[in-house]
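So that the names make sense, note that chain A is the first sequence line, chain B the second, and so on, each numbered from 1.
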Number of protein chains: 2
Amino acid sequence: MRIDNTKEKILHVAGLIFSKFGFHKTTVDEIARAAHKAKGSIYYYFRNKEELFQGVVEKEFQTLRSELVASIDKSKNAKEKLANYIIVRMQTIHKLANFYDALKNDYLSYLPFIEKIRAKYDNEEIVLVKSLLTSGVNNNEFEIRDIELTASALLTVLKGLEIPFFINEEYMKLENRMRELISIFIRGIEKR
Amino acid sequence: MRIDNTKEKILHVAGLIFSKFGFHKTTVDEIARAAHKAKGSIYYYFRNKEELFQGVVEKEFQTLRSELVASIDKSKNAKEKLANYIIVRMQTIHKLANFYDALKNDYLSYLPFIEKIRAKYDNEEIVLVKSLLTSGVNNNEFEIRDIELTASALLTVLKGLEIPFFINEEYMKLENRMRELISIFIRGIEKR
DNA sequence: ACCTGACTAAAAAACGAGAAAAGTCAAATT
DNA sequence: AATTTGACTTTTCTCGTTTTTTAGTCAGGT
């Protein structure tokens with residue numbers, strides 16, 4: 001009970017400060033102060049500052065990912081699931097970019113972090129997209145020659161579009177294009 | 001005659017050294033030495049180091065762009081033109097990434113340069129893609145609601161896919177995905 | 001008009017001292 | 001035994017100064 005309380009409190013407080021000042025400008029001391037804990041307590045739960053940051057980012061990832069999965073679950077068919085998946089994914093990235101305001105100013109230095117965390121979820125995501133496409137095929141909505149390849153190709157595109165968010169904040173500009181791309185993509189795989 | 005000789009020689013030599021060491025690690029002194037010219041000669045033709053670099057990159061761009069245009073010209077119909085355009089564009093980027101080896105280690109710091117240079121060609125490229133799509137519509141190959149939006153969307157995707165080349169060198173992996181994307185995309189816009 | 005090389009100004013790198021921050025751990029508390 | 005603390009050590013960062021390197025200049029030569 002108390003165990004979870006301290007750790008969660010640290011993560012929560014750390015999230016607020018990291019998201020505002022970024023990794024480098026945030027000290028472990030100020031996190032400790034804000035959490036009303038001794039610095040040693042933080043090192044009891046997290047091996048180092050990096051692991052704390054990783055914990056914060058993963059926690060945020062989990063939250064946003066639940067929203068993503070939920071949006072798919074309430075879709076009526078595979079086409080809608082796919083469209084919603086892509087839209088909400090973009091919105092998720094947009095939220096993350098806004099949450100981590102400080103990330104924008106120094107994206108490259110955070111890249112190793114981001115890659116490390118996302119590596120955990122990449123396999124999961126490709127499984128998700130594949131199952132999406134498979135159910136579309138099984139429901140006679142889609143006709144796809146190679147589901148694995150199509151899923152990989154789609155994720156490659158989506159990942160390529162992430163960086164503009166972090167660097168340029170061009171969400172509004174990109175959204176219309178995304179919607180057009182979604183409709184072309186779905187038209188390209190739908191059963192005739 | 002002599003005019004063009006010295007300037008071209010400087011550009012050529014600068015291209016070799018910049019491509020190997022990148023902008024920051026290359027000195028104007030060593031370019032001058034390698035070209036067997038005095039440093040003042042370089043400043044006779046180029047206002048500053050940046051303009052020299054820009055000259056080198058533009059020269060390379062021109063060469064690669066001619067190949068791109070040529071590959072389109074020998075295509076039989078709009079579908080083939082579009083597919084070839086995308087494939088050769090990716091190959092072009094791949095070549096550029098290999099040529100500028102040093103860019104890979106520090107891609108984002110070069111981004112302002114690249115953006116400045118490419119701004120000159122962006123309008124041209126969107127015009128090219130739009131004319132491609134338009135001819136497809138006029139030939140009854142494609143049906144597209146909004147050519148401008150579709151062209152923008154496609155270019156957004158293609159630009160997003162450039163970054164893996166510079167960061168990860170995964171050309172072989174990307175190519176298959178690109179081919180699948182091309183066929184889906186064309187299927188998505190072709191007339192039924 | 002083109003080219004040179006000595007020179008200047010600016011930028012970058014190196015350095016050392018001190019401050020700040022990450023991390024440690026014995027002792028205290030629960 | 002698990003959790004927490006706070007004084008302490010080690011590591012990293014910052015800053016001002018000095019030195020070196022580099023970009024750029026320009027009078028003079030061809």
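- Look at Lys159(A) and Asp122(A) and you find a salt bridge, because one of the NZ, NE, NH1 or NH2 atoms lies within 4.0 Å of a carboxylate O, short of that distance.
- Along DNA chain D, the nucleotide nearest Ser41(A) and the nucleotide nearest Gly40(B) are compared for position; the residue whose nucleotide lies closer to the 5' end is Ser41(A).
- In this structure, Lys49(B) atom NZ and dA11(C) atom P are separated by 13 Å, rounded to whole Å.
- Between Phe23(B) and Phe18(B), the ring planes are parallel. Angles under 30° get that label, and only those over 60° would be called perpendicular.
- Residue Lys39(A) is classed as a base contact, given a heavy-atom separation below 4.0 Å to a base.
- Contact check, Tyr45(A) against dT4(D): a side-chain N or O comes under 4.0 Å of OP1 or OP2.
- Rounded to an integer number of Å, the gap from Ile31(A) CD1 to dA21(C) C1' is 12 Å.
- When hydrophobic clusters are built by joining Ile, Leu, Val, Met, Phe, Trp and Tyr residues whose side-chain heavy atoms come closer than 4.5 Å, directly or via intermediates, Phe61(A) is grouped together with Leu52(A).
- The distance between atom NE2 of His24(B) and atom C1' of dA23(D), rounded to the nearest whole Å, is 14 Å.
- Computed from coordinates, the Phe53(B) CZ to dT22(D) P distance equals 18 Å when rounded to whole Å.
- Atom NZ of Lys37(B) is separated from atom C1' of dT30(D) by 13 Å (rounded to the nearest Å).
- Phosphate proximity of dC2(C) to Tyr44(B): present, with a side-chain N or O under 4.0 Å from OP1 or OP2.
- Summarising the geometry, the separation between CG on Asp29(A) and P on dT11(D) is reported as 18 Å, rounded to the nearest angstrom.
- Ionic pairing of Lys130(A) and Glu148(A) is present here: one or more N-O contacts between side-chain nitrogen and carboxylate oxygen are shorter than 4.0 angstrom.
- Among the atoms of the strands shown, only primed sugar atoms or phosphate atoms (P, OP1, OP2) are found under 4.0 Å from some heavy atom of Thr27(A).
- Straight-line distance from the NZ atom of Lys7(B) to the P atom of dA1(C): 15 Å, rounded to whole Å.
- Regarding contacts with the backbone of dT4(D), a side-chain N or O of Thr6(A) is found under 4.0 angstrom from either OP1 or OP2.
- Between Tyr43(A) and dG23(C), a side-chain N or O to OP1/OP2 separation shorter than 4.0 Å is present.
- With rounding to whole Å, Ile17(B) atom CD1 is found 15 Å from dT22(D) atom C1'.
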| request: Please test Glu190(B) against Lys79(B) for salt bridge (charged side-chain N to carboxylate O under 4.0 Å, His left out), starting from the C-alpha separation and ending with a verdict. | output: CA-CA 8 Å; Glu190(B) 73 188 355; Lys79(B) 282 187 199 174; 2.8 Å; yes
